[in-house]
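Here the structure comes first, spelled out in structure tokens, and everything after it is commentary.
Predicted model, so just to flag it, every value in this text is computed and none were measured. So you know, we letter chains A, B, ... as the sequences are listed, proteins then strands, and number each from 1.
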Amino acid sequence: MSDGKFKRTLVTSALPYANGEIHLGHLAGAYLPADIYVRYLRMIGEEVLYICGSDEYGVPITLTAEKLGITPKELVDRNYASISKSFQDFGMSFDNFSQTSREIHTETSQAFFADMHAQGLFKQKTTDQFYSPSQERFLADRYIEGTCPVCGDENARGDECENCTATYNPTELLNPRSVLDNSALELRPTTHWFLPMGDWQDKLSAFIDSHPEWKDNVKQYCRGYFDAGLQDRAVTRDLAWGVPVPLDDHEGKVFYVWFDAPIGYVSATREWAQAQGDAEAWRTWWQNDETRLIHFIGKDNIFFHAMMFPAVIMAHSEDYVLPDNVPANEFLNLEGQKLSTSKGFAVWLPEYLEKFEADPLRYTLARNLPETRDMNFTWEGFQARNNNELGNNFGNLINRVFTFIHKYFDGQVPEWSEENLTDLDRDALAEVAADLEKWSGHLAKFEIKAALETAFHAGQVGNRYFDESAPFKSRKTDLERCGQSLGVIIQILRQLCLMLAPVVPFGMEKLWSWLGMETDLWQGGWAEGQQNIPTGRPLGKPEILFPRFDDEMIQPEIERLQGMVDGD
RNA sequence: GGCGGCUUAGCUCAGUUGGUUAGAGCAUCGGAAUCAUAAUCCGAGUGUCCGGGGUUCGAAUCCCUGAGCCGCUACCA
């Protein structure tokens with residue numbers, strides 16, 4: 001960044017699990033904020049790489065595949081295609097969106113493990129786990145039910161009883177059975193590799209302490225773990241669908257997904273480098289201390305990105321970059337309730353995109369990001385934000401200016417100059433310029449909501465200026481004055497375009513071209529956007545950028561969710 | 001159960017290191033304007049800042065406690 005310490009920024013979004021579609025909660029937590037931030041950096045001309053991919057291993061994937069009668073690989077490829085498409089249509093600007101089931105990830109994660117194993121950093125432990133003889137596999141706690149050892153309830157979960165709220169060790173459960181096929185389970189010893197996180201506690205603690213600028217929720221969360229003392233964390237498990245442990249006599253052992261998933265960021269970067277024709281280019285992004293690494297995640301991922309993956313990075317014998325920030329977001333509720341993917345209580349991205357454009361959702365979510373606490377998405381709120389803010393404040397301002405100029409000034413920027421500015425002109429320009437500066441400061445600190453609020457204010461300034469300078473009056477009395485006012489407001493739109501571009505890129509790319517800008521908005525467009533648009537420049541013909549939504553478009557969405565709650 | 005977090009106008013949300021009459025948008029009411037997506041602009045009201053206790057000259061902001069909600073709880077991804 002401009003502080004001179006870093007030359008480039010590597011941004012990641014949490015790898016979505018390829019067991020289903022993306023929903024609004026995902027977008028608000030890890031994807032939209034990251035994309036806005038990345039677009040901001042590209043716009044101001046920073047060198048940035050944005051990496052993501054789908055996380056494709058683990059038990060739930062194998063179960064879904066079995067249910068559909070296809071292989072896990074077929075399932076994840078199918079879901080990968082769908083997720084990629086949704087992301088693209090939503091405007092996610094990844095430089096690479098990869099898959100953890102690809103060969104490059106197998107190589108990369110196995111190399112990480114091998115490096116650490118060669119240093120003797122892992123611990124091997126043998127424990128008793130539940131095994132299903134009928135399915136010939138070990139089962140995780142969530143797939144186990146049995147009789148509660150405390151109250152005798154017959155439908156107790158693997159490690160807690162919902163009837164008497166007791167918690168216990170899963171091995172204490174009586175008559176354990178599989179929730180998958182009700183077959184009886186038996187305890188079998190199995191041996192796994194563990195990462196003794198405690199060995200890195202001091203370094204991790206010092207690392208977190210060296211970042212007082214991180215969000216409080218992240219720091220507090222980590223502090224809680226340090227106080228309790230970091231425990232050994234398993235990095236392998238018994239499963240057929242995963243990255244095989246690269247050791248002899250490890251048949252049927254694969255990496256625990258949380259060990260390999262973050263390494264997926266490295267794999268995806270390597271894949272990107274190969275596609276660039278420079279296979280070693282990934283090192284510039286991961287093994288160079290002038291690279292600034294930023295992980296965007298939801299609050300459920302803090303442990304893995306602020307503690308576990310950094311420990312792995314520290315442990316590796318080669319130098320890798322540690323995250324410079326982990327801006328974790330809280331969760332998004334829907335119509336006042338927690339999302340439930342199992343009950344279908346969610347808004348899925350592909351479904352949304354069949355009916356609406358990406359921009360209104362991007363705008364609404366950005367305006368309401370769960371940056372410091374859980375937030376709520378309502379369809380009525382979506383409609384109100386779209387109509388009142390995107391449509392009326394911004395869209396209408398843009399439209400009234402362009403149509404006016406096309407109607408009375410032949411579609412060219414009227415004669416205007418800085419020498420002829422009135423106090424009214426000067427004040428409006430100064431206010432918007434101040435907003436732009438504030439906006440930039442907020443975004444640099446990941447304060448997206450605050451940044452957007454500033455942009456909204458700039459829109460209000462534009463509308464007020466239009467009303468007060470009243471070109472629709474001066475047109476009849478003082479055409480020079482009228483042109484001057486329009487020249488001023490074009491400069492306001494130019495800056496508004498910059499402030500809105502990362503949030504509503506589809507609409508603003510159009511505005512950018514209507515304004516006759518020449519540089520690519522996403523390759524340092526900021527520089528040109530800072531310069532006055534001169535008299536005489538021909539402007540594009542406008543169209544309605546952000547149409548309003550009437551009740552008929554919104555009501556069915558509300559009813560669908562309502563029905564889901566009633567049927568619950 | 002343990003750890004961490006959250007609870008502010010009718011609605012959705014801001015509130016920086018405790019400091020004067022607690023803010024914004026929307027919704028509501030009154031006025032102005034008419035270039036524009038019946039959009040815009042000006043003005044107005046509204047709050048036991050979850051309950052209770054405490055520290056302080058002073059607390060939405062710090063401490064304790066109760067309630068509700070959220071995440072994690074170490075092979076759930």
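At a threshold of 4.0 angstrom between heavy atoms, the contacts of F304(A) include nucleobase atoms, whether or not backbone atoms are also involved. Heavy atoms of V235(A) sit nowhere under 4.0 angstrom from any nucleic acid atom. Among the protein residues, F331(A) comes within range of the sugar-phosphate backbone only, with heavy atoms under 4.0 Å from sugar or phosphate atoms but none that close to a base. Using a 4.0 Å heavy-atom criterion, one finds that M375(A) contacts the sugar-phosphate atoms exclusively. F402(A) comes within contact range of no nucleotide atom at all, as no heavy-atom separation falls under 4.0 Å. Note on G381(A): nothing from the nucleic acid sits closer than 4.0 angstrom, heavy atoms only. Counting non-hydrogen atoms under 4.0 angstrom, H192(A) reaches a base of the nucleic acid.
Phosphate proximity of C35(B) to S485(A): absent, as no side-chain N or O sits under 4.0 Å from OP1 or OP2. Residue K338(A) places at least one side-chain N or O under 4.0 Å from the OP1 or OP2 atom of G71(B). The phosphate of A39(B) (OP1 or OP2) has a side-chain N or O of R548(A) nearer than 4.0 angstrom. Here K449(A) reaches the OP1 or OP2 of A14(B): one of its side-chain N or O atoms lies under 4.0 Å away. At the phosphate of C13(B), OP1 or OP2 sits under 4.0 Å from a side-chain N or O atom of N368(A). Close to U8(B), at under 4.0 Å from its OP1 or OP2, lies a side-chain N or O of R373(A). The side chain of R464(A) contributes an N or O atom lying less than 4.0 Å from OP1 or OP2 of C42(B).
Counted by atom type alone, T191(A) and Q124(A) present zero donor-acceptor pairs between their side chains at under 3.5 Å. Side chains of T378(A) and E380(A): no donor on one and acceptor on the other come within 3.5 Å.
Remark: R362(A) fails to qualify as a cation-pi partner of F506(A) under the 6.0 Å distance and 45° angle criteria applied to the six-membered ring.
What separates CG of N399(A) from C1' of A36(B) is a distance of 6 Å, to the nearest Å. Distance CZ (F226(A)) to P (G4(B)): 14 Å, rounded to an integer number of Å. Remark: C1' of A39(B) and CD1 of I544(A) are 10 Å apart, rounded to the nearest angstrom. Taking atom CG on N392(A) and atom C1' on U40(B), their separation rounds to 9 Å, with Å as the unit. Following rounding to the nearest Å, D374(A) (CG) and G68(B) (P) show an atom-to-atom distance of 18 Å. Rounded to whole Å, atom P of U12(B) lies 16 Å from atom CG of L365(A). Regarding L424(A), its CG atom lies at a distance of 13 Å from the C1' atom of C41(B), rounded to whole Å. Between N376(A) atom CG and C26(B) atom P the separation is 19 Å, expressed in whole Å.
The partner of C13(B), taking Watson-Crick or G-U wobble pairs whose two distances both stay under 3.5 Å, is G23(B). Base pairing of G4(B) is made with C70(B), judged by Watson-Crick or G-U wobble geometry with both donor-acceptor distances under 3.5 Å. The partner of U40(B), taking Watson-Crick or G-U wobble pairs whose two distances both stay under 3.5 Å, is A32(B).
Taking the P atoms as reference points, A44(B) lies 10 Å from A24(B), given to the whole Å. If you take atom P in G53(B) and the same atom in A60(B), they sit 14 Å apart, rounded to whole Å. Nucleotides C13(B) and C50(B) have their P atoms positioned 15 Å apart, rounded to a whole Å. Separation of the C1' atoms belonging to U7(B) and G66(B) is 14 Å when rounded to the nearest angstrom. Spacing of C1' atoms, A14(B) relative to G2(B), comes out at 33 Å, to the nearest Å. For the P atoms, the distance from G4(B) to C64(B) is 10 Å, rounded to whole Å.
Taking the six-membered ring where the residue is Trp, F377(A) and W379(A) present perpendicular rings, their angle passing 60° and hence far from 30°. Taking the six-membered ring where tryptophan is involved, the planes of F466(A) and F472(A) are essentially parallel, since the angle between them stays under 30° and well short of 60°. Between W258(A) and H305(A), the ring planes lie perpendicular to each other; the angle is over 60°, past the 30° to 60° tilted range.
The residue among D227(A) and N333(A) whose nearest nucleotide of RNA chain B lies closer to the 5′ end is D227(A). Along RNA chain B, the nucleotide nearest to T372(A) and the one nearest to Q129(A) differ in position, and the one closer to the 5' end is contacted by T372(A).
For K473(A), taking side-chain heavy atoms from C-beta onward, the closest of the listed nucleotides A33(B), C35(B), C26(B) is A33(B). Proximity note for Y408(A) (side chain, C-beta onward) versus U73(B), G25(B), C35(B): the nearest is C35(B). The listed nucleotides are C35(B), C72(B), G25(B); the one nearest the side chain of E389(A) is G25(B). The side chain of D467(A) has C41(B) as its nearest neighbour among C72(B), C76(B), C41(B). Looking at the side chain of K407(A), the nearest of the listed nucleotides C13(B), U12(B), C35(B) is C35(B). Nearest nucleotide to the N463(A) side chain, out of U40(B), C76(B), C35(B): U40(B). Of the candidates G25(B), G71(B), C35(B), the closest approach to any side-chain atom of F456(A) belongs to G25(B). For N388(A), the listed nucleotide lying nearest its side chain is C26(B); candidates were C26(B), C75(B), C41(B). The K476(A) side chain lies nearest to C35(B) when the options are C35(B), C75(B), G71(B). Checking C72(B), U37(B), G5(B) against every side-chain atom of Q220(A), the shortest atom distance belongs to G5(B).
Shown here is E357(A), whose CD atom has no more than 12 heavy atoms of other residues, nucleotides or ligands within 6.0 Å.
For the side chain to side chain donor-acceptor pair (under 3.5 Å) criterion with R548(A), the lone passing option out of N386(A), N392(A), N396(A) is N392(A).
Between R481(A) and D425(A) a salt bridge is recorded (basic side-chain N to carboxylate O distance below 4.0 Å).
Residue ring and base: F472(A) counts as stacked with C35(B) (centre distance below 5.5 Å, interplanar angle below 30°).
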